[in-house]
Amino acid sequence: MIKKFSFLIGVLMFGLHQGQQTKEQLQKQNAELKKQIAQINTDLAKTRSESKLSVAYLSNVNQKLVLREKVYNNTQKEKRFIEDDIYLRQLEINRQNKELAVLRKNYAEVLVNAYKNKGVQNKVTFILSARNLGEAIRRVQYLKQYSDYQDKKAAEITDAANLIKKTIAQKQNSVKAKENLLINQQKDLATINAERAQKEQLVAEFKKNESKLTAELKQKQVQSKALEGQIRAIIAEEIRIAKAEEEARKKAEAEKIRLAKLAAEREKARIEAEAKARAEALERERRLAEAEAKRAAELAAKRAEEERKRNEEAAKAEANARDEARRVAAKKASDEANARAKEAADKLTAARAAEAALTKRKEEEKKAAETKAMTSYGVSTATGNSFADSRGRLGYPADRAGQITHRFGRQPHPVFKNITEENNGIKISVPSGTRAKSVFPGSVSSVLANNDGTKTVIIKHGSYFTIYSNLGNVSVSKGQQVSSGTPVGTIAQDFDGAYTLDFQVWNGSTPVDPLGWISY
């Protein structure tokens with residue numbers, strides 16, 4: 001029974017260990033959430049004096065409230081883990097107490113038996129009653145083992161008692177942790193209620209100034225529509241110019257290719273004529289070399305035959321000195337003929353190699369002439385637009401991180417639900433003094449002055465455009481080449497007092513969601 005109970009406790013303790021890991025994860029997550037809350041509080045302290053009733057400020061309050069509620073929920077989970085820990089510790093204490101009772105009972109029986117046979121005389125009689133020396137030695141060892149067994153059981157009881165004390169201490173620690181957690185939880189709950197009241201008060205202030213804020217918002221939307229019209233006109237003109245330039249470029253390129261091909265054909269014809277004349281000369285040399293090689297081979301054969309005959313005659317008249325002289329002369333003539341034959345064969349091989357080299361050089365010169373003609377007429381291959389290849393990896397459009405308050409597309413207003421906004425980009429609320437920066441290399445297409453005193457910068461990246469609006473001042477000019485990260489201007493306050501960058505990405509004449517392009 002005790003074994004089964006111990007197995008059950010082991011399973012529960014394993015679950016406790018797994019729960020402990022999750023509890024540590026919750027504590028780590030809460031620490032990170034509290035860091036984010038502290039950062040939001042810092043941002044709110046900075047922006048509250050700058051903004052009147054800004055959507056960015058309200059968004060920060062909302063975000064802080066969401067994080068607070070996450071912390072509270074995590075604390076609730078952590079409390080359940082601690083309660084499970086206390087319950088399992090109590091089960092473990094009960095199990096250990098039962099095991100200790102069994103150990104004590106067994107040890108008591110051992111002591112009773114020992115008491116009944118405690119006399120020295122009994123032990124001596126037990127040893128001396130052995131039938132021989134070997135049995136007496138075994139009885140001595142038995143008495144020693146019995147004594148050791150008593151000591152071991154006493155030690156087990158002591159260890160079990162210490163373990164119970166340790167488990168009780170762990171349980172008490174868990175109880176204290178739960179008490180502290182409940183105190184902190186009450187504080188968190190009070191903070192959440194206070195921040196929820198702050199949010200409701202802020203929303204009430206929005207509602208109180210609804211008519212004024214709505215009028216300003218609608219005026220801003222009118223200005224945004226007018227700015228959008230200007231942007232569309234500028235981009236349409238850029239596209240028209242780009243198309244005209246592309247057509248002119250293609251036409252000029254076609255003319256360059258035509259002239260280059262004519263020049264290349266003339267140069268190829270000249271190379272062909274020179275190569276033909278050289279080939280004819282090499283062919284004459286080869287034919288002469290072949291004829292000379294043939295004559296030399298025939299002469300060598302003739303000399304060899306004469307040498308053979310002379311050798312036969314010399315064999316018949318060895319004593320004749322003139323025959324010996326003729327034999328030597330014939331040998332010399334045969335060697336000379338063989339040498340001339342080899343020389344003629346080498347000339348023939350060289351002539352054939354020269355013809356092959358001429359053919360190869362002719363083709364190389366014709367290819368080089370065509371390349372030279374194309375280069376001299378400025379014929380080149382157009383390179384692609386790498387902006388599209390950088391989708392999702394473009395730089396951040398500001399030199400300090402901010403909060404996205406308005407997303408791309410048709411969106412309901414965060415406070416005034418009866419107002420719908422149409423955003424061609426995203427709006428990023430940033431700290432005062434933040435500068436907008438180019439997200440990719442390009443050229444400044446236009447710098448626009450808006451009716452509200454702010455400025456807008458349009459940067460062209462091939463067939464794509466990036467737009468930076470609501471700038472207090474700009475640091476670039478039309479036609480300027482910029483690189484990725486180049487500051488384009490300082491971000492200004494919006495009508496609600498928040499410092500907001502309106503950032504857009506256009507693919508030709510179509511605005512696209514910037515969040516799919518920038519890395520943030």
Atom pair [atom1] ([X]) and [atom2] ([Y]), whose distance is rounded to the nearest 0.5 Å:
| X | Y | atom1 | atom2 | result |
| --- | --- | --- | --- | --- |
| Ser484 | Leu394 | OG | CG | 8.0 Å |
| Thr454 | Asp502 | OG1 | CG | 9.5 Å |
| Ser469 | Ile458 | OG | CD1 | 7.5 Å |
| Asn507 | Phe387 | CG | CZ | 9.0 Å |
| Phe408 | Lys427 | CZ | NZ | 13.5 Å |

Can you tell if the side chain of [X] reaches within under 4.5 Å of the side chain of [Y], non-hydrogen atoms only?
| X | Y | result |
| --- | --- | --- |
| Phe465 | Ile234 | no |
| Val505 | Thr466 | yes |
| Ser475 | Gln480 | no |
| Pro487 | Asp399 | no |
| Ile426 | Leu501 | no |

Task: Cationic N near anionic O, under 4.0 Å, Lys276 to Glu272 - done: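 No, this pair does not count.
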Task: Side-chain ion pair, Glu228 and Arg232, N-O less than 4.0 Å - done: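 Salt bridge flag = yes for Arg232 with Glu228.
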Task: Atom CZ of Arg287: over 12 foreign heavy atoms under 6.0 Å - done: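 Counting neighbours around CZ of Arg287, 12 or fewer heavy atoms of other residues, nucleotides or ligands fall under 6.0 Å, so no.
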Taking every non-hydrogen atom, the tightest pair across [X] and [Y]:
| X | Y | result |
| --- | --- | --- |
| Ile491 | Ala398 | CD1-CB, 4.4 Å |
| Ala492 | Gly472 | CB-N, 3.5 Å |
| Arg400 | Gly433 | NH2-C, 3.4 Å |
| Val430 | Gly402 | CG1-CA, 4.1 Å |
| Ser429 | Thr405 | CB-CG2, 3.8 Å |
| Pro514 | Gln504 | CG-CA, 4.2 Å |

TODO: Among Lys478, Lys460, Lys243, find the residue that satisfies the salt bridge (Lys or Arg N to Asp or Glu O under 4.0 Å) test when tested with Glu238.
DONE: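 The residue from Lys478, Lys460, Lys243 that satisfies salt bridge (Lys or Arg N to Asp or Glu O under 4.0 Å) with Glu238 turns out to be Lys460.
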Treating [X] as the side-chain partner and [Y] as the backbone partner, does any N or O pair qualify as donor plus acceptor under 3.5 Å?
| X | Y | result |
| --- | --- | --- |
| Arg407 | Asn423 | no |
| Asn450 | Asp452 | no |
| Asn470 | Thr500 | yes |

Open item on the list: Checking Arg393 now: which residues fulfil salt bridge (charged side-chain N to carboxylate O under 4.0 Å, His left out) with it, not counting sequence neighbours?
Closed with: none
Task: Residues in ring-ring contact (aromatic ring centres under 6.0 Å, His included) contact with Trp506, at least two apart in sequence or another chain - done: none
Open item on the list: Applying ring-ring contact (aromatic ring centres under 6.0 Å, His included), can you list everything that pairs with Tyr468, at least two apart in sequence or on another chain?
Closed with: Phe503
TODO: Would you sort out whether Glu237 and Ser445 count as a side-chain contact (heavy atoms from CB on, under 4.5 Å), showing the intermediate values?
DONE: CA-CA 10 Å; Glu237 180 62 14; Ser445 175; over 6 Å; no
Open item on the list: Please confirm whether the ring centroid of Trp517 lies under 6.0 Å from the ring centroid of Tyr464.
Closed with: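 So the answer is yes for these two rings.
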